[in-house]
Amino acid sequence: MRTTRIISDGEDATFQLGKRLAAVLPVGVTVSLRGDLGTGKTVFSRGFARGLGITEPVTSPTFAVVQEYACPDGRWLYHLDMYRITDEDAALAFGVDEFLFPKDAVSLVEWPERIEGLLIPGAGQRHVPVVIEHAGGDIRHITLPADLAK
């Protein structure tokens, strides 16, 4: 898969990128957000939620593991945080498979490396990997599939 690196010069740029990406992705997509603590995964998620028309506050679901948001058009956003999940078996015991590649929703998964083997899309499904790296100060390097970087 060809990727593109975008340079974000602050939280607003990261937020806006999330918002733009949400506008072009159909239901059934799972977006994985990879990045260290503090790189902007939740900021990106807030922008993504706004791009879907969600107006309620969006926070990291670190302790809840998953937060569900209703979109105005009837779709859902599932925001998952696998930070406290030890491995794929623990995630499956939690029921994570119900939130991956859903027919009526888009899923955002923070700390996807914990469930990498579960992020393999089936027919008609798509996994969109997004990597956010801190590059010093407010600068972030955000890597995503090239076809979505327009």
Side-chain angles (χ1 to χ4, degrees), residues 1-54 58-62 64-69 71 75-92 94-136 138-150:
M1 165 190 330
R2 286 188 47 237
T3 61
T4 297
R5 178 181 280 180
I6 295 171
I7 298 174
S8 167
D9 61 1
E11 281 192 17
D12 187 59
T14 301
F15 179 95
Q16 293 301 326
L17 179 60
K19 188 174 179 180
R20 284 193 311 274
L21 188 59
V24 299
L25 292 177
V27 293
V29 170
T30 293
V31 177
S32 60
L33 297 174
R34 195 178 291 264
D36 292 334
L37 286 170
T39 57
K41 296 181 301 291
T42 302
V43 171
F44 181 95
S45 298
R46 283 187 196 117
F48 197 93
R50 295 302 177 265
L52 294 175
I54 297 166
V58 174
T59 58
S60 182
T62 301
V65 182
V66 65
Q67 292 179 0
E68 301 176 47
Y69 301 94
C71 301
R75 296 183 293 172
W76 287 87
L77 170 62
Y78 299 142
H79 186 193
L80 297 95
D81 188 325
M82 299 289 104
Y83 185 75
R84 299 199 180 282
I85 299 295
T86 55
D87 58 28
E88 292 173 11
D89 290 334
L92 289 169
F94 160 72
V96 73
D97 50 324
E98 294 178 31
F99 300 101
L100 301 177
F101 309 107
K103 292 181 192 239
D104 63 345
V106 176
S107 294
L108 291 175
V109 181
E110 295 187 34
W111 300 97
E113 54 274 19
R114 307 269 208 275
I115 61 165
E116 201 70 44
L118 302 176
L119 295 174
I120 300 168
Q125 299 174 330
R126 184 170 183 190
H127 171 220
V128 175
V130 175
V131 178
I132 305 175
E133 300 169 294
H134 187 246
D138 291 336
I139 305 297
R140 304 295 189 264
H141 292 168
I142 304 173
T143 304
L144 63 154
D147 65 313
L148 298 174
K150 299 174 172 118

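Here the structure is a predicted model, which means the values were calculated and not measured. Counting from 1, the numbers follow the sequence of the chain as shown.
Residue I142 holds its CD1 atom at 12.5 Å from OG1 of T4, rounded to the nearest 0.5 Å. Rounded to the nearest 0.5 Å, atoms CD1 (I120) and CZ (F101) are 8.5 Å apart. Rounding to the nearest 0.5 Å gives a distance of 9.0 Å between CZ of R46 and NE2 of H79. Taking CH2 of W76 as the reference point, atom CG of L52 lies at 12.5 Å (rounded to 0.5 Å). To the nearest 0.5 Å, atom CZ of residue F44 and atom CD1 of residue I132 are 6.0 Å apart. Considering NE2 of H141 and OG1 of T39, their distance stands at 12.5 Å, rounded to 0.5 Å.
Closest approach of W111 to G35, counting heavy atoms only: CH2-O, 3.7 Å. Closest heavy-atom contact between R114 and T86: CD-O, 4.3 Å. Heavy-atom minimum distance, Q67 versus T59: OE1-O, 3.2 Å. Counting all heavy atoms, side chain and backbone alike, L118 lies closest to L100 at O-CD1, 3.7 Å. Contact detail for S8 and T14: the closest heavy-atom pair is OG-OG1, 2.7 Å.
Using a 4.5 Å heavy-atom threshold, the side chains of D104 and V27 count as separate. The closest side-chain heavy-atom distance from P112 to H127 is not below 4.5 Å. At least one side-chain heavy atom of V130 sits less than 4.5 Å from a side-chain heavy atom of L21. Counting heavy atoms from C-beta on, the side chains of D9 and I7 never come closer than 4.5 Å.
Checked against E133 for a salt bridge (charged side-chain N to carboxylate O under 4.0 Å, His left out), the options K41, R140, R5 give a single hit: R5.
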For a side chain to side chain contact (heavy atoms under 4.5 Å, CB included) check, start with the C-alpha distance between L148 and L25, then their side-chain angles and the critical distance, and finish with the verdict. CA-CA 9 Å; L148 298 174; L25 292 177; 4.0 Å; yes
Determine whether T3 and T143 satisfy the following criterion, side chain to side chain donor-acceptor pair (under 3.5 Å), listing intermediate values before the conclusion. CA-CA 6 Å; T3 61; T143 304; 5.8 Å; no
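Legend: residues meeting side chain to side chain donor-acceptor pair (under 3.5 Å) with T30, ordered by chain and number and at least two apart, are absent. With sequence neighbours left out, E68 forms a salt bridge (Lys or Arg N to Asp or Glu O under 4.0 Å) with no residue at all. With sequence neighbours left out, E113 forms a salt bridge (Lys or Arg N to Asp or Glu O under 4.0 Å) with R34.
Shown here is D36, whose CG atom has no more than 12 heavy atoms of other residues, nucleotides or ligands within 6.0 Å. Dense packing is recorded around CD of Q16, with more than 12 heavy atoms of other residues, nucleotides or ligands lying under 6.0 Å away.
Relative orientation of the F94 and F99 rings is parallel, given thresholds of 30° and 60° on the angle between their planes.
For the pair R126 (side chain) and V29 (backbone), a donor-acceptor distance under 3.5 Å is absent. Between the R2 side chain and the A146 main chain, no donor and acceptor come within less than 3.5 Å of each other.
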